[in-house]
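For reference, the structure discussed in these notes is given below.
Just so you know, these numbers use all the heavy atoms, side chains as well, and skip hydrogens, waters and symmetry mates. Quantities reported herein were computed from a predicted structural model and do not represent experimental measurements.
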Amino acid sequence: NIEMQYLAIKQEEQNGKNYTMKNVISLCSSQIGSAHIKENIPCQDYAYTIRKNGCSCISVADGAGSAKKAETGARIVATVLTKYIAFHFYRILNLANRGQATKVLVEEARKAITKIMVDGDLMEDYNTTFMAIAVKDKQCIVVHIGDGLTGFEKDGKVGIITYPMN
């Protein structure tokens, strides 16, 4: 059961001027934690960024510790959904409601996982969280599946966009 919070944020004019996001730079990294090293557990986090079709998108997926193949789930979901969002930005942004966006993105994740599953695997073996922020033109999409939170910084102040869903 994947729950998803989806927000499409249309940026507003600020101080009478159009706000533009110039020079968007995205950097991402995943690092295995000391507990995972000690227990010989692979890194279950995966970060991915892409810049295509005028869209900059960055994501992070954190494989569920209870899932047998969490590291694979995180890698596949982060890669596939980040690319999908970048290539289909306006399709996602223009969906009539969150439920439609949820259905489209979850279906894409499930299709990608199904392609790599082997006999005996369950979809739950690949459980992961997923968060992404995509920017194109003057618009932004924030996707949040699972725990964690997404935030922003503006004028030196930090704010929260989405809260944990667990």
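Atom CD1 of I92 is separated from atom CG of L95 by 7.5 Å, given to the nearest 0.5 angstrom. Expressed to the nearest 0.5 Å, how far CD1 of I113 lies from CG of L122 amounts to 12.5 Å.
Shown here are the salt bridge (charged side-chain N to carboxylate O under 4.0 Å, His left out) partners of K115, two or more places apart in sequence or in another chain: there are none. When the side chain to side chain contact (heavy atoms under 4.5 Å, CB included) test is applied to K157, no partner is found at least two apart in sequence or on another chain. T82 meets the side chain to side chain contact (heavy atoms under 4.5 Å, CB included) test with Y48, I50, C57, S59, F130; sequence neighbours excluded. With sequence neighbours left out, D121 forms a side chain to side chain contact (heavy atoms under 4.5 Å, CB included) with K69, M117, V118, D125, Y126. By the side-chain hydrogen bond (donor to acceptor under 3.5 Å, both in side chains) test, T150 is found to be paired with T162, residues two or more places apart in sequence or in another chain being considered. Scored by the salt bridge (charged side-chain N to carboxylate O under 4.0 Å, His left out) test, E108 finds K111 as partners (sequence neighbours excluded).
Using a 4.5 Å heavy-atom cutoff, the side chains of I141 and I133 are not in contact. Within the 4.5 Å cutoff, the side chain of H144 has no heavy atoms near those of the Y163 side chain. The shortest distance between side-chain heavy atoms of L81 and L105 falls below 4.5 Å. When side chains are defined from C-beta on, E71 does not count as touching Y46, because their heavy atoms never get closer than 4.5 Å. V104 places a side-chain heavy atom less than 4.5 Å from the side chain of R91. Residues Q44 and T128 fail the side-chain proximity criterion, which asks for heavy atoms closer than 4.5 Å. Under the 4.5 Å side-chain criterion, counting only non-hydrogen atoms from C-beta, N127 is not in contact with S66. Looking only at side-chain heavy atoms (C-beta outward), M131 and V143 stay at 4.5 Å or farther from each other.
Residue S56 comes nearest to R51 through the heavy atom pair OG-NE, 3.0 Å, listed as atom of the first residue, atom of the second, then distance.
A donor and an acceptor atom, one from each side chain of N53 and Y90, are nowhere located under 3.5 Å apart.
I116 and M123 end up in the same hydrophobic cluster when Ile, Leu, Val, Met, Phe, Trp and Tyr side chains are linked at under 4.5 Å.
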